[in-house]
Novice: 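Please find one structure pasted underneath; my questions will follow.
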Amino acid sequence: MATFNAVIGSLFGLAVLPFRAMNPWLAMIVISVLTGLLMLAVFRWTSNQEGIHRAKEAIKAHLLELRLYKDSMAQQMRSQGRILAANGRYILHALRPMLVMIVPVMLILIQLNLWFGSRPLAPGETAILKVKLAAGRSPLASDISVDAPAGIIVETLPLRIEEEREIDWRLRAAAPGVYDLTLKAGSDSFTKSVRVGGSLLAPISNVRPGPSFLDQVFNPGEKPLPRALAVESVEVDHPERRLPLLGLRLHWLIAYFALSIVFGFALKGVFKVEI
Amino acid sequence: MNRRDFIKAGAGAATLLALGPRADAVMRTAGRKATPRKVLILGFDGMDPKMTARWMSEGKLPAFKRLAAQGGFSPLGTSIPPQSPVAWSNFIAGTNPGGHGIFDFIHRDPKTYFPTFSASATEGSTKTIRLGNIVFPIKSGSVRNLRQGKAFWQVLEEHDVPATVFKIPANYPPVDSRQRTFSGMGTPDIVGTYGTLNYYTTESKLVNEDIGGATVHQVYVIGNRVDAKLPGPINSFKPDRPAAEIDFKIYLDPSNAVARISIQGQDFLLREKEWSGWKRVSFPLIPTQSVGGICMFYLKEIHPEVKLYVSPINVDPARPALPVSTPTSYGEDLEKKFGPFFTKGLPADTSALENDILNEEEFLQQDGFVLEESRTMLDYELGRFEAGLLFYYISSTDQRQHMFWRLFDEKHPAYDPALAKAFGGTIESTYRQADEILDRALGRIDKDTIVLVMSDHGFNPYYRSFNLNTWLRANGYLKLQNEFKEEDLDWAFAGTNWMKTRAYGVGLNGLYINEKGRESEGIVTTGPDKDNLVREIARKLEEFRDPKTGEKVLARAYVAKDVYTGAYVSSAPDIILGFNRGYRISFKSPLGRVPKDILEDNKAKWSGDHMGAAEIMPGIVLANRPVAAERPALYDVTATIMDVFDIEKPKEMIGSSLFKKGEPG
Ligand SMILES: [Zn+2]
């Protein structure tokens, strides 16, 4: 999974690279266009284009019947039944591309979340560092400690929460930079990335996952922790990022779906795809 | 009904929550007439002329001294009585209380004898419809500012002079205006009170119900966790109108002095004795309606006891649940610039200090946030002050004199030598902070700007409490149903025999005759009967001496008809008490209680006050132009504004300019 994440991550990074110093909307638009094209292609190759065409024509024809035979109740009923049937056929034809696309779309969303979900901490802001231990481990028996680089201040003693198998510290960002916190557990140590300041668009990883496969799928920003550490995850929640638009502050997911739909429809004619 | 219910009834917020955004949300602020004049007014609540003069001469207030040398410094005649809402209303309307109708913090309803808040009235939605378990208002409720007369910035607006008026007292809800105004003293928290803190503790703890403003929650640590509830506004969508609540958790480390508070998806860590800064909370009422607010947490102790203070929940300026600014966007813009900020009328939590929930140091930390925030926002307003008038208000001078007088005055019954060592200099250092604020402001304005510094009243010690209703009873003017009852009456005259009562006291300075035709059970006839009675009581009050000290308790007992003019004189109390130095009304008498003793030592931390006779309680005025007026008063400052902007004074305004004719600029 780690290798897979690394490959997808670099592909994404490559797409965003030229726009990192610009308005984040630009990168968002480029990704929407690229993924829009990808989806059109998938749709074209995996759907029954002929079948979709026929279903849509049928719907049009029966809609016309509805207008023509307004006075015949029986004909109205028949036409409506046929529209329903054609709709059903349309959905069936579109089902296969949907199924094919579900996985790539998920991966794209996970990457987008990595790039657009959070912003770096501003100097002076605080965040909680959370270490979640593996099942069966008690934070009271743990000797995990934090070594912060210059630029990050650890402001509290560890807060050990037995019922959550969790140890928390409060961090304060002091100076801009990309940092690795070092956490020591006995002779072992591991790191967690923290980003402070900077205007470049960059992937921001909130959670470094442990050995769990699903956790790794959803948190591709950092390498998973080795099983031997008995740590389920280590987390620094960076603040949520919003995309500013005419006084609104949009969540990236809304921006992305709106843009993909716009580009999908704009480009379907160009590539002669029946949607 | 106890005091807390009264306070809630007075300013209930929940009835307003169905109000949509106000119509003025998109309105522009007032026009920018090309006026060459700029007037900056700094209002420091409660700065006293004697102390100011003394510390000026000792070189401790260099900016005040500079300003005084440049123009003038004079005591400023205050209102009768010198309470802040009354005094600032004199300035706002340019009248005495007869012209604006605010005579006291507390008025009364002559139909029920019930105390009411004088500043604003909240009317709940009268028409509702009930669907299942939810009550929907058909017409939304409203809140009204009860101050009468035109505010000076409304007059300026009519003449196209722009004004920004920041947190002036007695302006909640802010009166209609296209000027930028933000409401001040009198603005409730979102629970609808003048400030109710929440305190969570594993100890058992009582609070003084006569002071109010605090809710104590007894909590338990189970498995290093505390489960608690933060109470919010009344949920008027529910038939039984329960208070809305938010659950939250405190996770404690078993030995380290650190805890995590988890509330509505927000987690934050606090060490012992740390403040959280502002946190947003949102109280759900029904699925489509919620009320947002802001509050700060202070973790006083983690081990061995848990003690968590949560400030009164202020209206969130970003999403105001109650009207706090004109235009609405003014508050929202300030929030965008500075983040959440104090919006409750008097932000300092005097109730927390009075009830030993915050100690002196902690109280000053929080009031330090208030002062720091004021400084920053004043800087911002000065930075964009291009024309017209800017009024800016500072509350800390008043609040700290109230709470710290006992520690710089050895004669005070609550003087504590140990605390005096640490905090005896608080009032002086607060005056110095005021001086720093003035100094910064003077450094940022051009030489043509007219600068006025003013306070609404001075300050006196508060050594002894006077129970007016007990005095009236002792002198045969107020009768109880049970003549032999010795202990306190319950609240609001319960047990008063109105058929035999001729006079009663409500509010901090007010005395009313039980007048036939006005009071529901009045017995004194209007005309000579009443007039003679008023004169008789006023004379006896002025003669009354404290048996312990031999001093007069009242310097003056003003007869309303003699001292007030204007359209609203008839709603004034009949006699207004002007206390002598060292005396004040008790905490119990203003809401209609009749305690046993007429006079008591004041052992409260609320130890300085300003309920005295106006003659002994003036405020201050300083200007960077010569002050020609002999004995200027608050309404003369209003007249000065009109003079400076060449606006003919509206006929209701009674003052005259501080400056000599023709030389304000
Ligand atoms: Zn005061």
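Note on naming: letters A, B, ... go to the chains in the order of the sequence lines (proteins, then strands), and numbering restarts at 1 for each one.
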Novice: For A:Arg242, look at atom CZ and say whether over 12 heavy atoms of other residues, nucleotides or ligands are found less than 6.0 Å away.
Specialist: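 Yes, enclosed.
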Novice: Starting at CG of A:Leu140, measure out to CG of B:Asp253 and round the result to the nearest 0.5 Å.
Specialist: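 Those atoms lie 7.5 Å apart.
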Novice: Looking only at heavy atoms, what is the nearest atom pair of A:Leu159 and B:Ala259, with distance?
Specialist: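 Closest heavy-atom pair between A:Leu159 and B:Ala259: CD2-C, 3.7 Å.
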Novice: Mind listing the closest non-hydrogen atom pair of A:Pro158 and B:Asn256 along with its distance?
Specialist: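 Here A:Pro158 and B:Asn256 meet closest at O-ND2, 2.8 Å.
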Novice: Might you confirm whether atom OH of B:Tyr380 has over 12 heavy atoms from other residues, nucleotides or ligands at distances under 6.0 Å?
Specialist: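 Buried by this count: over 12 neighbours within 6.0 Å.
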Novice: If I measure from the heavy atoms of chain B, does A:Ile167 come under 4.5 Å with its side chain, its backbone, both, or neither?
Specialist: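 Contact with chain B: none, neither part.
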Novice: Flag the pair A:Glu163 / B:Asn224 as yes when at least one side-chain heavy-atom distance between them is below 4.5 Å, and no otherwise.
Specialist: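 When only atoms from C-beta onward are counted, B:Asn224 and A:Glu163 do not touch, as no gap falls below 4.5 Å.
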Novice: Might you confirm whether atom CZ of B:Arg384 has over 12 heavy atoms from other residues, nucleotides or ligands at distances under 6.0 Å?
Specialist: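 Count over threshold, so yes.
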Novice: Between A:Arg160 and B:Ser255, is any pair of side-chain heavy atoms under 4.5 Å apart?
Specialist: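 Yes, side chains in contact.
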Novice: Report the residues that fulfil salt bridge (Lys or Arg N to Asp or Glu O under 4.0 Å) with A:Glu164, sequence neighbours left out, ordered by chain and then residue number.
Specialist: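 Partners of A:Glu164 by the salt bridge (Lys or Arg N to Asp or Glu O under 4.0 Å) criterion, ordered by chain and then number, come out as B:Arg260.
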Novice: Quick check on the structure: residues of residues 261-280 of chain B within a heavy-atom distance below 4.5 Å of chain A, by number.
Specialist: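 Residues B:Asp267, B:Phe268, B:Leu269, B:Leu270, B:Arg271, B:Glu274 are the ones that qualify, each having a heavy atom under 4.5 Å from chain A.
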Novice: side-chain contact (heavy atoms from CB on, under 4.5 Å), that's the test. Do A:Ile161 and B:Arg225 meet it? Break it down for me.
Specialist: CA-CA 9 Å; A:Ile161 305 174; B:Arg225 195 181 85 194; over 6 Å; no
Novice: Can you list every salt bridge (charged side-chain N to carboxylate O under 4.0 Å, His left out) pair that touches residues 216-229 of chain A, not counting sequence neighbours?
Specialist: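 Listed by first then second residue: A:Lys192-A:Glu222.
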Novice: Pairs in or reaching into residues 287-314 of chain B: which pass salt bridge (charged side-chain N to carboxylate O under 4.0 Å, His left out), with residues at least two apart or in two chains?
Specialist: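 Every salt bridge (charged side-chain N to carboxylate O under 4.0 Å, His left out) pair that includes a residue of residues 287-314 of chain B, provided the two are not neighbours, is B:Glu203-B:Lys307, B:Lys300-B:Glu362, B:Glu301-B:Lys307.
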